[in-house]
> 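Let me begin by handing over the structure; questions about it come next.
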Amino acid sequence: MESQVTVAQEMVANYLAVGDEVWLPLIEAKAALANLDDPADASEVLDLYTRAEGDYLSIPILQKHIELLVDRHAHFATLNTSPEDGELFSTPWTRDAISEVVKKGAGHLTKSQCLWELQRDWELEEIEAAPKAEKPTSVEHVGALHLMRLQQPHAGYESTYQSYSSFTTSYKPATEYESLLLSASRLRSRAVKAYERREPSELALTSLPAYTQYIASERRAKTPDVFVLTGLYERAIAETAKRRFAGEHGAEQTLRMFWVGYLDFLRAQGTDGDGMMHALHRATRSVPGSGEVWARYIRNLERTASVDSEDVPMGETETLSDAYHRALSTNLFAKTNPKGPDPDPEQIVPIVLARAGAEKRAIEAGKGGKDAFATLVKVVEEGLVMVRQASKRGDQRFRLEKFLSELYLSLADVPEAAIQLWASTAAYYKSTWAAWIAYTDVLIRTDQHDTARSTFHDVSTKNLDYPEALWDAWLSFEHAHGSLASLEDALVRIERARTQVEARRAKEAQKAYEAAQYSMEQQAVVPDVAQAKPSVETGDGMDVAVSAPSSEARGKRKASDELDLSGSKKARMEPPPDPLQRDRENCTVFVADLPSQTTEDQLRALFKDCGEIRAVKLTSMTETLVATVEFTARDSIPPALTKDKKRIDRMEVSVHLAWRSTLYVTNFPEKTDDATIRDLFGQYGLIFDVRWPSKKFKMTRRFCYVQFTSPASAERALELHGRELEPDRTLSVYISNPGRKKERTDADANEREVYVAGLSRFTTKEDLEGVFSRYGIIKEIRLAEDKDGRARGFAFVEFENEADAHTALSANNYELKKRRMAVTLADTRVRSKNREGRPETGLGRRADARNRSVRVRNLRSDTQEGLLHQVLEKYAVVKRTEFFAATGEAVVELENAAEASKLLLQTEPIIFNGVNLEISEEILAGSSRPQPAAAPVSAGGMLIPRMAASRPRAGLGRARKGNTGAAKPPASSETTEGGPAASLRGRGQDDFRKMLG
């Protein structure tokens, strides 16, 4: 088995760059099989170390390499026939080999000291073992070794200085000690300051963004330190490769970015041909799927014309054509497996342009053969095919099309071919405005004005992503080449097309508004009682939320009675708020892959020509910086999406509609919390946010939104759809498309749910299922029960389809267990009233609610009620949570006073959003929430909407009130106790039956 692993490791190492997690076991296995006493076998092991060091910087590999050199030198030195100078393992050869190994790791500012100390210790041993005549030379060499190290920035500068002090004491005259140390102190001062300036950045290197930020700060210097930057790039590349090997998301893209930056830096510093070619070979082994790296390799081949055979992995000089086909042979730039991942067009285009550009320049220089132009066209056309096969979006910047078009127009002088090229491109990208403008531009350039005008005419009314750009181009064309009549005709047609587009957009906006899926982010989800006037004047505010059942007479209804659905059968709430004007989901783009130093001003500058920006929000995450940009109008989104792959600080950014990277997730187990969702979905990509619905009015809501930083991650996570997380419960996962809101399970729950009142106390769920299953597929039945498990007289029945719920309304007045039930569409904002009168505590309903409620302070303004509810549920049984953003507080109603005490008596702090929650009793006075102007001052506690249908009640067991405008104060216990009112208070139908005998 071990031999098979070794063979597999060798195969991988032959074709790809691997880290010490592969090289160290492979080298140890080879060393165990080799006879290291034989110089030939020892040389083979040393060659493996050299190959390993060519892949990535690894201090453990370098350290073991030096230890092997020292060990083999000591072994061969003890033999009767020690190696001659220049031979393998001779002292000069070993000194050069160790110096070369130490040089490879010197750029690691924090860990290179161990390599240098190994070299120093070996050199000191050589001084002791050297003949007397050779000692002065060795001493000078070791002294120079110390001085060179002192001039390099490194964390162990104090240790190096102490080593030089000890060395000077032992091997230099005493009279020279002070002068040598003073000179060394001056020599090292610059390196010490350089390291101390970088020490905070060194200590912060715990993540890949930290490397990115460190490199960016070094490159911003007026004169970059080549020694530091080279070592920093090597460390960043090695660390990223290690994380890629561990399967960390995003590591591949980061590794490509580091290699491209490193190669560009080396090129800018004028690195010699051999050094540049060596770095390029390493890069192509490390990231063979990076078209940017291959493009740089091909351009370097073009510069040098040929490559020394020792630098080429294939063992022979490589031509441009060979390099290009070697890159394509990796199968990373074409989709060979239908089920495999899609190649990235952004990696295909650079490599094709590099090869095509080299061929074009050769033709222009007269070095191309007779078939050179045909080869050039074939390369570009094949590249176009690869790009369009890789992605349906293709290349939205049309780089290959523009290159080929210019070849046809300038180099070959065949304008017909250019026109045909752009005609086919426009047909492929039929809804992309840029393709049509490029087509009309080539028509205008070749003086085919009539065809251009006809094209503008035909396309002006098409459903383009940015029709305004096409209209502007048409008008510019008519101003430059048209007549007055053609210009006026264009103006009329454009105005007509504009009207049609605006009507279509308005319709789409209305649909999107009706299907708004981000309601939990919008603070106007529920009307604020403090801002809404009561619909009916009453003397007292309601103590608890009202119930849906009618407040009319409690007597048994006759079969012929009809329910007044507009009044007594459902409590009326305050007038709903005005429709929201903001259309966040359709007016917001998500920007990812931002440089760590990006500012809001840079983002506003990037999108300034797209439309008016309402808000920009930057969010720094563990590995990246992302942002959301919200516009005031939907018209701004198409031009904003064209900013995808634009650059900020030389880094390409990704721009997409926010909902494309957002998933709607539902039907998970009841105990599922935020951490569980993040663990489940985090394997598919970096999660930007998880948003939970408020359970203020409907405790059964079981869904959330999971937003990734990229649409690709969201699409990969769709494979979780249908997964069974517990028996008979499969997870539902959908892309959160605003236009398909009806497909989301909870989106139209109000319309799919009916409220059933007037039920017998002996009603069961099975009884209700038997009645309502005839109308359609039932999703859930929620039957309200008392503490003894008996029905409290009402229930909610949720159907799978909205139409079935509306059909079920015909069950109104149906007799079930000798009771007539009332069936209406549910209103989730209405909560059940305690029909049994006063709570068990003996307190009034308001006092009881306050007695089991607590106030939570120190909350951030962006707090999610659903997430806070989850956190508090770990400590006590929570009934509902209401958050007030204006004050940063929440009122939490618990199951009972004992549960409230659990929260109040918590000894350990409760952490939420990184801060300690401050929990206190919900007291009578000092309520932070403003009260309605038309109502008396509230007694505090949870603010519940007053009952719109509150009116004087009359009948058996009810005392008549003369004034309907305001309730009179309740009589004292002394005046009512034992009286007729007290004897009748709270009596219902059962008491009435008993009275009748």
Side-chain angles (χ1 to χ4, degrees), residues 547-550 554 556-559 561-563 565 569-571 666-672 693 695 697-703 722 724-732 742-836 879 989-990:
S547 65
S550 168
R554 302 283 181 170
K556 187 175 181 181
R557 289 187 301 273
K558 296 180 180 180
D561 291 344
E562 293 185 2
L563 296 176
L565 300 181
K569 296 308 176 185
K570 188 166 62 175
T666 185
N667 207 35
F668 39 74
E670 186 175 358
K671 297 299 182 182
T672 301
K695 295 185 178 182
F697 297 111
K698 187 174 180 181
M699 290 294 295
T700 59
R701 302 181 83 185
R702 195 182 302 169
F703 69 92
E724 192 174 85
L725 299 184
E726 66 179 18
D728 300 324
R729 183 180 293 277
T730 57
L731 190 67
S732 297
K742 291 291 184 181
E743 297 178 11
R744 302 206 305 270
T745 309
D746 193 67
D748 57 347
N750 291 357
E751 297 297 324
R752 291 186 284 103
E753 189 171 71
V754 296
Y755 173 76
V756 186
L759 298 174
S760 165
R761 296 181 62 192
F762 304 101
T763 303
T764 64
K765 287 186 179 181
E766 290 72 18
D767 296 331
L768 292 174
E769 185 175 4
V771 173
F772 289 97
S773 60
R774 69 189 68 177
Y775 300 109
I777 300 175
I778 297 175
K779 181 181 178 183
E780 184 180 20
I781 296 177
R782 302 192 307 281
L783 178 64
E785 298 176 342
D786 58 18
K787 62 181 184 299
D788 297 325
R790 291 187 177 183
R792 293 177 57 189
F794 64 95
F796 292 91
V797 180
E798 185 177 351
F799 290 87
E800 290 285 353
N801 300 310
E802 178 182 335
D804 296 339
H806 284 265
T807 305
L809 295 178
S810 60
N812 183 47
N813 229 10
Y814 181 86
E815 184 173 341
L816 178 64
K817 293 196 173 180
K818 298 183 180 180
R819 296 292 297 271
R820 298 283 179 178
M821 52 185 190
V823 182
T824 63
L825 285 177
D827 185 345
T828 57
R829 297 176 301 172
V830 179
R831 296 171 57 85
S832 63
K833 177 183 176 182
N834 187 346
R835 301 185 63 190
E836 297 180 357
K879 291 193 68 175
Q989 292 181 357
D990 292 338

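The analysis underlying the following values was restricted to heavy atoms, covering all of them including side chains, and did not include hydrogens, waters or symmetry mates.
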> With rounding to the nearest 0.5 angstrom, report the CZ to CG distance, R774 to D804.
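Here the interatomic distance stands at 14.0 Å.
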
> Would the distance check show the side chain of T672 and the main-chain N or O of F668 forming a donor-acceptor pair, the cut-off being under 3.5 Å?
no

> Grab the two heavy atoms, one from L768 and one from I781, that are nearest each other, plus how far apart they are.
CD1-CG2, 4.0 Å

> Distance-only, no hydrogens or angles: does the S773 side chain make a donor-acceptor pair with backbone N or O of E769 under 3.5 Å?
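The answer is yes, because a donor-acceptor pair under 3.5 Å joins these two groups.
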
> For E785 and R761, what are the C-alpha separation, side-chain angles and deciding distance, and is it a salt bridge (charged side-chain N to carboxylate O under 4.0 Å, His left out)?
CA-CA 9 Å; E785 298 176 342; R761 296 181 62 192; over 6 Å; no

> To the closest 0.5 Å, what do you measure between CZ (R790) and CZ (F762)?
5.0 Å

> What verdict does the side-chain contact (heavy atoms from CB on, under 4.5 Å) test give for L816 and V771, after you've listed the backbone C-alpha separation in whole Å, the side-chain angles of each residue and the deciding distance to 0.1 Å?
CA-CA 9 Å; L816 178 64; V771 173; 4.2 Å; yes

> Taking the side chain from R820 and the backbone from Y814, do they hold a donor-acceptor pair closer than 3.5 Å?
no

> Just by modelled atom types, is the T730 backbone N or O under 3.5 Å from a matching donor or acceptor in the N667 side chain?
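Checking the backbone N and O of T730 against the side chain of N667, a donor-acceptor pair under 3.5 Å is found.
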
> What's the shortest heavy-atom distance between T666 and L731, and which atoms?
O-CD1, 3.5 Å

> Do the non-hydrogen side-chain atoms of V754 and L809 ever get within less than 4.5 Å of each other?
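A side-chain contact exists here, since the closest heavy-atom pair is under 4.5 Å.
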
> Specify the closest pair of heavy atoms between A811 and M821, including all atoms of both residues, with the distance to one decimal.
O-CE, 4.0 Å

> When rounded to the nearest 0.5 angstrom, what is the spacing between CD in E798 and CD in E780?
6.0 Å

> Do the rings of F772 and Y775 sit parallel, tilted or perpendicular, given the 30° and 60° boundaries?
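It falls in the tilted class, 30° to 60°.
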
> Is there a side-chain contact between L783 and L759 (heavy atoms, below 4.5 Å)?
yes

> Passes side-chain contact (heavy atoms from CB on, under 4.5 Å), F799 versus I778? Steps please.
CA-CA 4 Å; F799 290 87; I778 297 175; 3.9 Å; yes

> Is any side-chain heavy atom of R782 closer than 4.5 Å to one of E753?
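Yes, at least one pair of side-chain atoms sits under 4.5 Å.
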
> So which heavy atom on A791 is nearest to which on S760, and how close?
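Residues A791 and S760, closest heavy atoms: CB-O, 3.7 Å.
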
> Run H806 and L825 through side-chain contact (heavy atoms from CB on, under 4.5 Å) and show every step you take.
CA-CA 8 Å; H806 284 265; L825 285 177; 3.6 Å; yes

> Check salt bridge (Lys or Arg N to Asp or Glu O under 4.0 Å) between D767 and all other residues, then give those that pass, not counting sequence neighbours.
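If we apply the salt bridge (Lys or Arg N to Asp or Glu O under 4.0 Å) test to D767, skipping adjacent residues, the hits are K817.
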
> Who passes salt bridge (Lys or Arg N to Asp or Glu O under 4.0 Å) against K765, sequence neighbours left out?
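Salt bridge (Lys or Arg N to Asp or Glu O under 4.0 Å) check on K765 returns nothing, list empty.
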
